[in-house]
Each structure stands twice: as structure tokens, then as C-alpha cells.
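Below is one structure, written out as C-alpha cells, with a few remarks after it.
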Number of protein chains: 2
Amino acid sequence: MRVGQLAAATGVDVETIRYYEREGLVPAPPRNASGYRAYDEAAVRRLTFIRHCRSLDVRLADVRQLLSLLDCPDRGCGTADAVVDAQIVRVRERIASLHALEATLVALRSRCASPTTSASCRILEELARPA
Amino acid sequence: MRVGQLAAATGVDVETIRYYEREGLVPAPPRNASGYRAYDEAAVRRLTFIRHCRSLDVRLADVRQLLSLLDCPDRGCGTADAVVDAQIVRVRERIASLHALEATLVALRSRCASPTTSASCRILEELARPA
DNA sequence: CTCAAACCCTGTAGGGGCTACGGAGTCAAG
DNA sequence: CTTGACTCCGTAGCCCCTACAGGGTTTGAG
């Protein structure tokens, strides 16, 4: 299959596939007579794996580690556990900080219920103070 | 005051201040005899404003809009309201999607309670499936 | 058979918001 | 007089794509 079909099969953009190839996340496939990339089912599986990871916001550096686990089935999977654990921690931290941010923004917004001139806007006034 | 003192006064990194100047968020200050930037209190106020916005994760493009409101005190402050409202929406969306992500990750993690070999790791198995 | 649309190729530049050099000049304290 | 902290400028890197530009190829409709 060609790159466009691989893209359709996996939901990964064509340009992104070529980017992953440049980055070494997917191996460079053989080419047909016209120089087009020719992929097999293994490529579909590998790219699906990457896409799934990315949908979980796992960084490419971590995806790389997980892929190397896949490539060496004998190694222990402690790395996979660690990657997922670290990801959970990151996500929870981001949720917490976004909650705080939301509260701050709502408080800020409530300072200017009705539009006025910018000179007297309490939002701008507040933003002019240190955080 | 020089750029280092401005940085200390506002908590904005020196390199970042120069970056903001290149981007036109802060005006280019006058220079002393040696070519060093010489800032005044207005620069402190402007940079403090920007820093406060950034601490609220407001994008520089939006910060730019808010700054232009500050520069024209006669204009209505509907723009400021809109920026904050949009920011609240963005933050809430991110929180929601992070919550979903967290749940997915926790479910994934629970599939591999005890480390095994990567060939039989249920986390890797799951990641190999489409999202 | 012809022609246009849709695909594919490579390489490079841009985005956001900094951050980190390298290689130089300046200034105050010891 | 020297050391160290500061400043200057310009450029490259970070992450993960995304979007060209300027070509060649395949496919299907007329």
C-alpha cells in the first residue's frame, strides 16, 4: 500500500508519516519502480500504535521507548508501566493547574460584568498588578 | 534601569524581554552610551502586565490585543472581556479533555499490575489497537 | 488517446513561546 | 589590572507537526 492508503488506514496525516520516518519512529519502507513508498501490514500496526500513544498525549520520546520494547519482546515491560505512570502524573498536574487557572480567570472576569471604557476596566486594572 | 534589573523587578527572563521587544510587545527603550537598554517605570508596568497575562496562559496574540486597549484608554473594554471569556472556554475544554485522558490512562495502567515481559504486556497490547 | 485530477516525491520554512548558545564589549569591585 | 558579572547581537534549538514549492506519476473520464 502507498502512503496515502496508510494514512487513511491509520488516521495519521501523510506528512506526519514522512516526519515519523525522518525521525526514525517508523522504518523507511521499500520503494516501487516510481520511488513511491510501499507499506505492509506491519507498518499499519506500528503506526496505529504510535497514533494511539499520541492520542494519549504520550511524547514521541516516550513512544520511541515503547516501540523499542515492542521490537525486543523479551525485555521486561517495566518501562511501559513507567511511561504510563509518568503520563498519568503529568496529566494530573496539568488538570490541577488548569483548575486553579480557571478559578483565577473566572474571578478576573467577574470584575467587569458590563463593558466600560478600557481606562476604567477592572480586568485591565487587575492584569496590571503582579500575578 | 537596565535589562537585568527589569528582569529582576518583573520576574521575566532577560532573553524573554528581548524576545518581547523583537515581537513588538514592548517598545524598544532608549540606549545609554554603551548601547545598553535603559528602561523606566512604564516598562516595568507593561512587562508586569504581560507576565500576569502569561501566568494566566493568555496567548501573546491576545496579550497584544489587551496591550493595545491599554494604549487607547478611550476604547471600550469589550475586547478584554472577550479575551478572558475565550480563555475560560479554552481552559475548560482542556480540563475536560484531560479528565478523559486521565481515565483512559488509568484504565490502561490497570491492565499491567505486575511487570512481565514486553511480549505479553497488556499495556503494549492495548496500545497496538486503534484509539 | 488525451487530459486533468489526484496522488506521490524531496526539501525547506513556519508556528508558539521561549531558551540557549557563541563571541564580543562594558563596568564595578578588589 | 584583573576578575567576574553584566550586556550586546544573532542564530539555532525545542516539540510536533503543517504547509508550501516545484516537480514526477497514476488513474479514470471523456
Side-chain angles (χ1 to χ4, degrees), chain A residues 1-26 28-40 43 46-47 49-67 83 86-87 90-91 94 97 101 131, chain B residues 1-26 28-40 43 46-47 49-67 83 86-87 90-91 94 97 101 131:
Chain A
M1 77 198 315
R2 303 191 310 194
V3 71
Q5 297 168 296
L6 179 62
T10 59
V12 178
D13 190 87
V14 169
E15 308 270 20
T16 305
I17 293 172
R18 301 204 308 105
Y19 167 73
Y20 288 164
E21 181 180 324
R22 282 200 300 282
E23 292 296 306
L25 288 160
V26 297
R31 305 294 182 109
N32 73 8
S34 330
Y36 289 10
R37 291 169 176 81
Y39 294 99
D40 57 10
R46 195 171 181 91
L47 206 50
F49 181 91
I50 297 173
R51 173 149 166 78
H52 198 153
C53 290
R54 289 297 298 139
S55 81
L56 298 174
D57 226 13
V58 174
R59 296 177 195 169
L60 289 188
D62 290 336
V63 174
R64 217 179 282 271
Q65 285 197 36
L66 296 176
L67 286 170
V83 165
Q87 189 66 14
R90 262 202 298 276
V91 168
R94 281 166 59 188
S97 87
L101 179 53
Chain B
M1 79 198 311
R2 301 192 310 195
V3 72
Q5 297 167 295
L6 179 61
T10 59
V12 178
D13 191 86
V14 168
E15 308 270 20
T16 303
I17 293 173
R18 300 206 308 106
Y19 168 73
Y20 287 165
E21 182 180 322
R22 282 199 299 282
E23 292 296 306
L25 288 159
V26 296
R31 304 294 181 108
N32 74 8
S34 330
Y36 288 11
R37 291 169 177 80
Y39 294 99
D40 57 11
R46 195 170 180 92
L47 206 51
F49 182 91
I50 297 173
R51 173 149 166 79
H52 197 153
C53 289
R54 290 296 299 139
S55 81
L56 298 174
D57 225 14
V58 174
R59 296 177 193 169
L60 289 189
D62 290 337
V63 174
R64 218 180 281 270
Q65 285 198 34
L66 296 177
L67 286 171
V83 165
Q87 188 66 14
R90 262 202 298 276
V91 167
R94 281 166 60 186
S97 86
L101 180 54

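Letters A, B, ... mirror the listed sequences (proteins, then strands); counts begin at 1.
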Item to complete: Measure the distance from CG on A:L60 to P on D:dT18 and round it to the nearest whole Å.
Response: 11 Å
Worksheet item: Taking the side chain of B:Y19 as heavy atoms from C-beta outward, which of C:dG17, D:dT25, D:dT11 is closest to it?
Response: C:dG17
Worksheet item: Whole Å only: how far is the CZ atom of A:R51 from the P atom of D:dC17?
Response: 10 Å
Discussion item. Please report the distance, rounded to the nearest Å, between CZ in A:R2 and C1' in C:dC7.
Written reply: 6 Å
Worksheet item: Taking atom CD of A:Q65 and atom SG of A:C53, what is their separation to the nearest 0.5 Å?
Response: 11.5 Å
Practice prompt. List in numerical order all residues of residues 10-18 of chain A for which some heavy atom is under 4.0 Å away from an atom belonging to DNA chain D.
Written response: A:E15, A:T16
Fill in: B:L25 side chain near B:Y19 side chain, heavy-atom distance below 4.5 Å
no
Item to complete: Evaluate whether atom CZ of A:R54 has more than 12 neighbouring non-hydrogen atoms of other residues, nucleotides or ligands under 6.0 angstrom away.
Response: yes
Worksheet item: Once you round it to whole Å, what is the distance between P of D:dA5 and CD of B:Q5?
Response: 17 Å
Worksheet, complete the sentence: Contacts of A:R59 and B:A38 projected onto DNA chain D by closest heavy atom; the upstream (5') one is B:A38
Discussion item. Tell me every residue that passes side-chain contact (heavy atoms from CB on, under 4.5 Å) with B:V3, counting only those two or more places apart in sequence or in another chain.
Written reply: B:V14, B:I17, B:Y39
Response to the item:
Checking C:dC9, D:dC9, C:dC27 against the side chain of B:S34 (C-beta onward), the nearest is C:dC27
Worksheet item: For the base of C:dG17, is there a side-chain donor-acceptor partner from B:Y20 under 3.5 Å away?
Response: no
Fill in: Close side-chain approach of A:V83 to A:V58, heavy-atom, < 4.5 Å
yes
Worksheet item: Between A:Y39 (OH) and C:dC8 (P), how many Å, whole number?
Response: 10 Å
Discussion item. Expressed as a whole number of angstroms, how long is the span from A:R31:CZ to D:dT26:P?
Written reply: 14 Å
Discussion item. Keeping A:R2 on the side-chain end and A:Y36 on the backbone end, is there a donor-acceptor pair under 3.5 Å?
Written reply: no
Worksheet item: From C:dG17, D:dG24, D:dC6, pick the nucleotide closest to the side chain of B:Y36?
Response: D:dC6
Discussion item. Please determine whether the number of non-hydrogen atoms from other residues, nucleotides or ligands lying under 6.0 Å from atom CZ of B:R90 exceeds 12.
Written reply: yes
Fill in: A:D62 CG - D:dC15 C1' separation (whole Å)
13 Å
Practice prompt. Specify the separation, in whole Å, of atom CZ of A:R37 and atom C1' of D:dT25.
Written response: 15 Å
